[in-house]
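Report on the following structure.
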Amino acid sequence: MKLLINPTWRCQLQCPYCLLPHIKINRDAPEHPWWEWANAIVKHAERGSVVDIAGGDPLLWDGLELFCAALFEHGIRWAITTNALYTPAVDRLLKLHPGGCQLINVSDHPGNLAADANIARIRAAYPLVMNRVMHPDAGKRNVQISSLIPYQSYREETEIDYVVRYCDSGIHHWVIDVNGDAFICNVAMATGRTPLGNIFTGEPIPKPSERFICDWGCSSCYTSVPGCWDVHQEVIR
Ligand code: SF4
Ligand code: SF4
């Protein structure tokens with residue numbers, strides 16, 4: 001499984017291109033502590049899975065480093081998507097130095113120039129890539145950028161392309177919100193579709209058994225880099 005999890009929606013920044021203010025998420029959902037997330041994830045994801053911890057900024061979520069260590073103990077690798085601003089959490093992560101890190105993704109945001117020292121420290125300890133959203137107000141660091149992320153204006157509801165596809169999302173890929181609701185993909189969460197289930201209930205979560213027809217369209221985060229989330233699609237029309 002490849003899981004994108006959002007244990008917090010909190011963030012210090014207000015990037016002008018951030019989708020969080022515009023998508024249909026429950027911003028008031030109570031957060032769950034790291035050990036509840038760890039217990040739930042190891043029940044639903046087999047060894048060899050990858051968990052990308054995003055948000056919000058996951059460095060603001062208490063116990064991030066302990067959560068990563070717990071995943072590694074269960075043979076699950078992890079990645080973090082962060083603005084890298086919160087130094088105390090960087091200190092704790094580097095001190096514990098849990099194994100199993102696949103990647104630290106840092107975005108070149110206009111508001112995180114003060115993160116450069118943290119970025120250098122993380123880069124010395126873990127694989128780190130810098131990304132930038134394709135938006136005129138994104139950061140302007142003079143560094144090599146690994147990937148340019150297409151800007152999606154959820155405010156204008158242009159995030160989906162209305163193309164009809166076969167898709168197998170949900171079988172090997174889930175997106176999980178702060179509340180623990182597991183969706184087949186980020187678009188399903190962002191547009192307020194019914195989740196597959198909730199990871200904190202202790203109940204099994206039914207997955208699609210085979211690919212299905214998705215007729216609501218998709219966003220560029222899945223279509224621009226096919227396969228990057230273990231999601232396979234075939235355009236029908
Ligand atoms: S750092 Fe990320 S979560 Fe925070 S405001 Fe910017 S885009 Fe949104
Ligand atoms: S085509 Fe895109 S929006 Fe539809 S289920 Fe697949 S990943 Fe989600």
Side-chain angles (χ1 to χ4, degrees), residues 2-25 27 52-61 80-86 89 104-115 118-119 130-135 137-139 141 149-155 157-175 177-178 182-196 207-208 210-237:
K2 288 193 180 174
L3 304 179
L4 173 63
I5 73 166
N6 300 286
T8 183
W9 297 131
R10 288 177 289 134
C11 183
Q12 315 93 320
L13 301 183
Q14 294 178 313
C15 303
Y17 42 81
C18 184
L19 58 80
L20 292 182
H22 311 295
I23 60 177
K24 293 180 179 166
I25 50 173
R27 290 171 191 78
D52 187 351
I53 312 157
D57 193 86
L59 292 179
L60 298 176
W61 179 55
I80 296 175
T81 300
T82 178
N83 61 36
L85 267 174
Y86 189 50
I104 310 283
N105 296 295
V106 182
S107 260
D108 183 18
H109 294 303
N112 70 341
L113 292 176
N118 286 339
I119 292 168
M130 293 290 300
N131 303 304
R132 182 181 294 146
V133 177
M134 294 164 70
H135 188 282
D137 294 330
R141 278 185 178 78
I149 301 167
Y151 169 61
Q152 298 170 59
S153 173
Y154 275 75
R155 182 177 299 164
E157 300 192 344
T158 55
E159 71 276 25
I160 50 177
D161 59 11
Y162 301 101
V163 170
V164 179
R165 298 171 171 85
Y166 286 119
C167 184
D168 67 0
S169 197
I171 299 176
H172 304 294
H173 168 59
W174 291 350
V175 174
D177 71 5
V178 167
F183 297 84
I184 56 173
C185 64
N186 205 43
V187 181
M189 181 185 76
T191 56
R193 295 186 180 261
T194 305
L196 296 168
K207 297 179 190 180
E210 55 186 27
R211 71 178 189 169
F212 53 88
I213 294 175
C214 171
D215 61 3
W216 70 72
C218 196
S219 75
S220 56
C221 66
Y222 290 102
T223 55
S224 65
V225 190
C228 73
W229 281 110
D230 239 349
V231 171
H232 305 95
Q233 303 173 341
E234 185 187 333
V235 170
I236 299 174
R237 63 179 183 275

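Each ligand, and each atom within it, is numbered from 1 in the order the structure gives.
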Next item on the list: Enumerate the atoms of ligand 2 whose separation from the nearest heavy atom of I184 is less than 4.0 angstrom.
Entry: 5 (S)

Notebook entry, point to check: Does any N, O or S atom of H109, backbone or side chain, fall under 2.8 Å from atom 4 (Fe) of ligand 1?
Noted result: no

Next item on the list: Look at atom 8 (Fe) of ligand 2 and say which protein heavy atom is nearest, naming residue and atom and giving the distance to 0.1 Å.
Entry: C185 SG, 2.4 Å

Next item on the list: Measure the distance from atom 4 (Fe) of ligand 2 to every protein heavy atom, then report the residue, atom name and distance (to 0.1 Å) of the closest one.
Entry: C214 SG, 2.4 Å

Check: Is the ring centre of H22 less than 6.0 Å from the ring centre of Y154?
Finding: no

Check: Quick one: which ligand 1 atoms are inside 4.0 Å of a heavy atom on C11?
Finding: 1 (S), 3 (S), 4 (Fe), 5 (S)

Next item on the list: For Q233, counting its heavy atoms only, list the atoms of ligand 2 lying under 4.0 Å from any of them.
Entry: 1 (S), 2 (Fe), 6 (Fe), 7 (S)

Check: Are Y17 and H109 close enough that their ring centres sit under 6.0 Å apart?
Finding: yes

Notebook entry, point to check: Quick one: nearest non-hydrogen protein atom to atom 2 (Fe) of ligand 2, plus distance?
Noted result: C218 SG, 2.2 Å

Check: Is a salt bridge present between R132 and D108, judged by a nitrogen-to-oxygen distance below 4.0 Å?
Finding: yes

Next item on the list: May I ask whether G217 places a heavy atom under 4.0 Å from ligand 2?
Entry: yes

Note to self: Tell me whether ligand 2 is touched by W216 - counting only heavy atoms on the residue side and a distance under 4.0 Å.
What the structure shows: yes

Check: Any cation-pi pair here, R193 with W216, using under 6.0 Å and within 45°?
Finding: yes

Item checked: Donor-acceptor pair between N83 and Q12 side chains, under 3.5 angstrom -> yes

Check: Backbone, side chain, both or neither: what part of C15 comes under 4.0 angstrom of ligand 1, heavy atoms only?
Finding: both

Next item on the list: Just jot down the ligand 2 atoms closer than 4.0 angstrom to any heavy atom of C167, in number order.
Entry: 1 (S), 5 (S), 6 (Fe), 7 (S)

Notebook entry, point to check: Are D57 and T82 linked by a side-chain donor-acceptor pair shorter than 3.5 Å?
Noted result: yes

Checklist line | Atoms in ligand 2 with a heavy atom of V187 nearer than 4.0 Å | finding: 3 (S)

Next item on the list: Verify whether one side chain among T81 and D52 offers a donor that lies under 3.5 Å from an acceptor in the other.
Entry: yes

Notebook entry, point to check: Do you see a donor-acceptor pair shorter than 3.5 Å between the side chains of D230 and H173?
Noted result: no

